[in-house]
Number of protein chains: 2
Amino acid sequence: MSDRNSEGRSLPTSIRRQRRRDTEVLAAAARVFAQAGYSNASIQDIAEELGILKGSLYHYIDTKEDLLFWLLEGVHDDVERILAEVGARTDLNPLQRITEYVRRQALYNMENCERISVYYQDMDRLSPARRAALTQKHRAHSLFITTLIIEAQTDGLVDASRDARVLCNCLYATINWIHRWYRPGAKTSRFTIADTCAAFVVAGLAGTA
Amino acid sequence: MSDRNSEGRSLPTSIRRQRRRDTEVLAAAARVFAQAGYSNASIQDIAEELGILKGSLYHYIDTKEDLLFWLLEGVHDDVERILAEVGARTDLNPLQRITEYVRRQALYNMENCERISVYYQDMDRLSPARRAALTQKHRAHSLFITTLIIEAQTDGLVDASRDARVLCNCLYATINWIHRWYRPGAKTSRFTIADTCAAFVVAGLAGTA
């Protein structure tokens, strides 16, 4: 299911249909887990959310944990795509690339509030091996951002005496806290919120001297 | 137990002893809840952590929820004390008061990682009435900080076109995310981390124009 987020327009109809079903199953799981909590939610709840029989859901999965893992793995796949696109922007300086990343990631987190909420609430419910696989992905993302901050420090855009890992955590805080306070349909549009978050982070990084 | 955080030097010895015991009980509850999760933790686990009999613990509490509530109420009492002290600093402009608040609150969150972690992980386990009591306190704190940001906007220290509530959430993000990444004994001292967080937030607020 690792490429379920790619565009797939040239793929055969059967694969496109399969992927749409995967997306629907994971979206239903995200809603149920976010509302009831992973521990309290049952496969039956997710089947009901989808309007299918529990037995049909077992065509896709072996255990409830499969759904949690695919859901969280999907978040990492999406973050990786954003990072790859931001990394390719060699026309931008490190601080501009960070602006672009924060803006896009803030938007993503607002559009995927439920799965981000499940990520931070229930990641620890995964088996050690699966948790380790996600932690490894998370480390790679952190390293990417920390490296961008260090590049910005080398270029004199960010105070080089500050610990880049602490600054990276401050950056992540702004993005990763969004699911705790953002409510869809808020008066301020999500584009304006994303711009404000990006401006806050980049000014915060640039102005810590 | 609402005044367990005051200095109390002039109080009778019996009350001082009582308060020290309260502090010990709540510290043990914080450790056990943070490690096992509130739902999985038992009164027996907390009694064992304290090295006392379960029956003795029932002298203090009626239910496990009492411990969770007092623990989280204690966090709010501490935040209120910090806010009152920062609010009294009329010698500082709004942005300087925010710097002072973030620095002190960041330090507090590093020194109380376990109870902050329990706060965000298990607040929803409280009964609706108790959760509402804490939500009301949280709203008062947010209003205090949002008002400081609006004052800074009026004084031309922060871009007035930005939504002050979104900026308030960015500020809280920096502080409230600390428990997810800070580990005691880290190479960078907690004072340096608190200074970096405060510099990040204030530059972020000041530079969003």
Side-chain angles (χ1 to χ4, degrees), chain A residues 35-37 39-40 95 99 102 106 109-110 117 119-125 138 142 149 158-159 161-183 186-190 192-209, chain B residues 35-37 39-40 95 99 102 106 109-110 117 119-125 138 142 149 158-159 161-183 186-190 192-209:
Chain A
Q35 216 154 23
S39 304
N40 300 323
L95 217 44
T99 311
V102 174
N109 285 21
M110 281 182 268
S117 158
Y119 189 101
Y120 290 110
Q121 194 71 33
D122 293 315
M123 202 222 188
D124 289 346
R125 311 278 167 244
H138 174 71
S142 289
I149 294 173
V158 171
D159 178 7
S161 74
R162 298 281 180 190
D163 185 331
R165 282 161 315 172
V166 174
L167 291 176
C168 179
N169 284 316
C170 290
L171 177 157
Y172 272 130
T174 311
I175 300 165
N176 293 343
W177 196 245
I178 289 175
H179 75 278
R180 303 273 330 190
W181 59 268
Y182 173 74
R183 294 291 165 268
K187 212 175 69 182
T188 304
S189 86
R190 61 183 199 277
T192 305
I193 293 174
D195 282 345
T196 299
C197 288
F200 176 83
V201 167
V202 169
L205 290 175
T208 49
Chain B
Q35 216 154 24
S39 304
N40 300 323
L95 217 42
T99 311
V102 174
N109 285 21
M110 281 181 267
S117 157
Y119 189 102
Y120 290 110
Q121 194 70 34
D122 292 315
M123 201 219 187
D124 288 347
R125 311 279 166 245
H138 174 71
S142 288
I149 294 173
V158 172
D159 179 8
S161 75
R162 298 281 180 190
D163 184 332
R165 283 162 313 174
V166 174
L167 290 176
C168 178
N169 283 316
C170 290
L171 177 156
Y172 272 130
T174 310
I175 299 165
N176 293 342
W177 196 246
I178 289 174
H179 76 278
R180 303 272 332 189
W181 59 267
Y182 173 73
R183 293 292 165 266
K187 212 175 69 182
T188 303
S189 86
R190 60 183 200 277
T192 305
I193 292 174
D195 282 345
T196 299
C197 288
F200 176 83
V201 166
V202 169
L205 291 175
T208 49

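Lettering follows sequence order; numbering is per chain, from 1.
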* **Spatial distance of atom OG1 (T196(B)) from atom CG (D159(A)) [nearest 0.5 Å]** => 8.5 Å
* To do: List for me each residue that meets side chain to side chain donor-acceptor pair (under 3.5 Å) alongside D163(A), sequence neighbours excluded, and say none if there are none.
  => R165(A), T188(B)
* Structure fact -> When the 4.5 angstrom heavy-atom criterion is applied to L171(A) and chain B, the contacting part is backbone
* **Approximate separation, where rounding is to 0.5 Å, of W177(B) CH2 and I175(A) CD1** => 10.0 Å
* chain B contacts, top residue of I193(A), V166(A), T174(A), N176(A) (heavy-atom pairs, under 4.5 Å) -> N176(A)
* Structure fact -> Under 4.5 Å to a heavy atom of chain B? For Y120(A) that would be both
* Search all heavy atoms of W181(A) against all heavy atoms of N169(B) and return the closest pair with its distance. => CE3-ND2, 3.0 Å
* To do: Go through the atoms of D124(A) and report whether side chain, backbone, both or neither lie under 4.5 Å from a heavy atom of chain B.
  => neither
* **Among the listed options K187(A), Q121(A), R180(A), the residue most often paired with chain B at heavy-atom distances under 4.5 Å** => R180(A)
* **Shortest non-hydrogen separation from G207(A) to A203(B) and the atoms involved** => O-CB, 3.4 Å
